[in-house]
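A, B, ... follow the sequence lines: proteins, then strands. Residue 1 opens every chain. No hydrogens, no waters, no symmetry mates; every other heavy atom, side chains included, goes into these values.
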Amino acid sequence: MKKYDHKKIEKKWQKHWAVKKIYKTKEGGKKPKCFILDMFPYPSGEGLHVGHPRGYIAADVYSRFKRMNGFNVLHPMGFDSFGLPAENYAIKNKIHPEVAIKNNIKRYKKQLEMLGFDYDWDREIITSDPNFYKWTQWIFLKMFEKGLAYESYEPINFCPSCLTGLANEDVEDGKCERCATPVVKKPMRQWVLKITDYAERMLEDLKELKGWSEHIKESQRHWIGKSEGVEVSFKLTANSLQFGEVKIFTTRVDTIFGVTYLVIAPENKIIEELKGQIKNLGAVEKYITEAKNKSDLQRTDLAKEKTGVDLKGVKALNPANGEEVPIFVADYVLGGYGTGAVMAVPAHDERDWEFAKKYNLPIREIIEPLFKTTFGPDAIVENLPMQKRETVVCIVKHWSENKYICLKWKKYDWKTFVVGGTDGEDPVKAGLREIKEETGYVSPKFIKKLGSKVHNQFFARHKNENRWAIITPLYFELENGEKMEIDQKENETHDVVWVNHNEVLNYLFDDKSDTLFWNRMIGEESIYTGDGILINSEEFDGLDSKTARGKMTKWLEERKLGEKKINYKLKDWVFSRQRYWGEPIPLIHCGYCGVVAVPEKDLPVKLPKVKFYEPTDTGESPLAKMDKWTNVKCPKCGGKGKRETNTMPQWAGSSWYYLRYIDPKNKKALVDKKKEKYWSPVDMYVGGTEHATRHLIYARFWHKFLYDIGIVGEKEPFASLKNQGLIMGNDGRKMSKRWGNVVNPDDVVSQFGADTLRVYEMFMGPFDQPISWSADNMIGSRRFLERVYSLSLKLKNKKSNLKTENPKLERLIHQTIKKVTEDIENFRFNTAISALMILLNEMEKDENKPSSFSYKSFIKLLSPFAPHLAEEIWQNILGEKKSIHLEEWPKFDESKIEPDETTVVVQINGKVRGSFSAGKDKNQEEIQSIALSLPEIKKYVGENEIKKILFVKNKIISIVI
RNA sequence: GCCUGAGUGGUGAAACUGGUAUACACGUAACACUUAAAAUGUUAUGGGCGAAAGCUCGUGUGGGUUCGAUUCCCACCUCAGGCACCA
């Protein structure tokens, strides 16, 4: 028998498909469209490793599947070729980036073609191609026109190794995302895009993105980082004279009466204004200089130890109570967030608390902790009123050992300290009384109070009411073991248990207020940062935090001392790079007119060809040295002008590239309106999760902008997004030259074939989960394909052309069609392939000769995964004339899926004790009588009384005895 | 610290809205074919007890709900990813 020669087969059909252009996307027609997009690769020097194509294979499978299901498919590919990696590669290897990119793209393309993807290469785009980046520049100009691109001189993240400014998104853990060098803050001229204008819409529209995985949306929400609070003005005084004001931002106005000092960031400009008033200016300036010289990494690494300097001579007035508080400059407050200043409430904020402890600042409690029980049998019952009750909780220590009294309640699953109501009595007295009554010990001695009162809201089962316990926690010690008789009633309620010191929390376990008491008891200082009940807050006393926030905000607003404010962590996008290999920013600086846009007709502003493109450390791009290129006429006044020499970041082209696939050769517009309307949005976007907070944020931002100026008709660019898990080396580490664990797809394809690689990568595990490469496991996929091939030859030789087959196989065929169809639709490729394997196993049995419908269906189901082999069988063995990839996807018949007989399982007390097969849809009575007549069931039931019988049709009968 | 996801055989992993846990594949063992090996095929393959029929334990740990839990609830542990002095 002929052997499965993957080399011959794959080469033959790849050529055939290319010549016949079977994957060419046609415009128009009546078919519904499906736009399938891969995150296009960055053509680095390394070439693809076996992990890269996982997403491409999935998209290709999906694309072929959709095409066979009657969709007009757009599945293009291109290259993201501008940016740092290409440039760094070029510098390292002393090849001009343009040449390097050309070579690398060639190599990538060859590798992609080798895997048999169904791209329409006529639509290929390359972001460093002037015909493409003309439109990248055009979009920038539109943003400039709308005031969304602005020039700034603020200090930004700067990579001292790449010698360029970076966006917030390009920094990971305080290090440059490309080269892992710690970034520094450096003031420099830069172009910035006002992405923050779109923060709210980007956040809001996430809700509509049903096809995105939750964790990507979650990390975008995080990145955008919305928080609602109040901006409050604190008046400043020096020598009892008013001296302007400082604005702070807080989400916790309810704690404003607990402010004991203010903190401003070293970057805050207010310090400049106050210079004349600061008595220790030298120390303050020294601190600020030091803070500025710290890298981000240092500043966060040193986070554990907070530092700061008092602004002597200047005080702030708390608008809530008119109190004068000191002001500190400290770098634990960030200059770039909110107003760059905060009110410090050390009693209820961990950072402020740490700082206050270090500098011995007063700590004032304003919030009494409130714990609500929200689940379990003690959960608050809605619509039942709250009964307030003053309570004491007594921690009682043994007279000689390190043990404490806990009560174990008899009727309820409770373990508590000694507790009791005070009924207006002095809490200490009440505590003494409770200890005696409940435990019998007669010698308790009061030692101390354990912090503030604590509120506990729960459902009191023993009284059948919602209880709001206002607890005073007290600490007692017994002087001796003398005991009196306990009241009968108390004795019936609970047992007294002595618990060792270090086991107390484990014993009591679930009540958070107990934990708090205990921590205070053992002297562990802990602060409460949650919501609670206000005290020491004048007219706001007794309110809960949430209500207090509302009332205080109103109070401040009425007096013009504060206003509601929303802040975002998202920062504007630093959009200029001091590097050569990027899109030139199409602006001209003119001495008379200022910054002038390059007229649209002069686009693209081409990147000049240069010999030297290494970055400089002057804060200028290498382009600045090219006088011939930079010196131009001002388009407005005709006078002398200079081109902007900064270039765009790596992410510019990829922020909109998908739109260009729709209309890649259009010279007049970014994209034709009609075509855009037909193809948008992208129906399925496949790529890695590493782009969650970079590319995917930028692209959404640009898309929304293009929507606003009427270029696109959809608010969101990508309707569905699927993320592939990383493929690691067989050692479980990320594939990298460094570990020597890189597997080259060229080798795999040559040895096993592209189809085997494709099937294996889809079969190896769930698509979105990371997984280690295993050459051993891949053998299974190869064997599977070999068996498919040899079965095909066998069936051909036997000239099997059955019309029907045995019903079991027929049912399996229809089940498999259903399963594979649903699985591909949901990106569950591993189970789809397993279903195909099960079907093959059955068809290989002699008694199960498939009909020609069945066999052809099977090959069609296989074709998205193994396109070459499927085509070979389809045309060469089965003698079909049309490509299988243009055939129609098989349809299953629902009526043929259901079996006539089902296996009914018999359970006794939930355990499987037997099973039998019975006709479909039999009712309980019939099944029950069969079940009870089975000997193995009789054995168990015996003389026992049957309490209950549960029945699930076609599945299970459960007997309870 | 916070957020998200995940813990199932020797391994990669299945299991629809709670209903026969371990499908499919890898590996391993035995057998067949072969002078032999490879390849291929057949059979077996969670642990314990048992000659066997069978019994019993088992989806990270501990508890709960249920006739019945990998699936739902609570607490904890471990791993991966994201964010991290964001007031």
Legend entry - Assigned glycosidic conformation for G50(B) [threshold 90° from 0]: anti
Legend entry - Nearest to side-chain heavy atoms of S958(A), which nucleotide of A23(B), C83(B), C67(B): C67(B)
Legend entry - Contact under 4.0 Å: K948(A) side-chain N or O vs C67(B) OP1/OP2: yes
Legend entry - Where protein sits on nucleotides 2-11 of chain B, one letter per nucleotide: B base, S sugar-phosphate only, - none, heavy atoms under 4.0 Å: -SS-------
Legend entry - U59(B) to G10(B) separation - P atoms, rounded to the nearest Å: 13 Å
Legend entry - Residues forming a side chain to side chain contact (heavy atoms under 4.5 Å, CB included) with V329(A), sequence neighbours excluded: I264(A), P266(A), I271(A), V284(A), Y287(A), I288(A), V309(A), L311(A)
Inset, instruction - Residues of residues 332-343 of chain A with any non-hydrogen atom less than 4.0 angstrom from an atom of RNA chain B: list those, numerically ordered, please. - result: Y332(A), V333(A), L334(A), Y337(A), V342(A)
Donor-acceptor contacts under 3.5 Å from residues 761-769 of chain A side chains, at least two apart:
from, atom 1, to, atom 2, distance (Å)
E761(A), OE1, R54(A), N, 3.3

Inset, instruction - When you get a sec, tell me which of C26(B), G41(B), A15(B) is the closest nucleotide to the side chain of R787(A)? - result: G41(B)
Legend entry - N/O (side chain, N830(A)) to phosphate O (OP1/OP2, A14(B)) under 4.0 Å: yes
Any protein N or O atoms within reach of nucleotides 31-34 of chain B? Criterion: under 3.5 Å, listing atom names and distances.
none

Inset, instruction - Assign a letter to each nucleotide of nucleotides 52-64 of chain B from its 5' end: B, base within under 4.0 Å of a protein heavy atom; S, sugar-phosphate only; -, no contact. - result: ---SSS-------
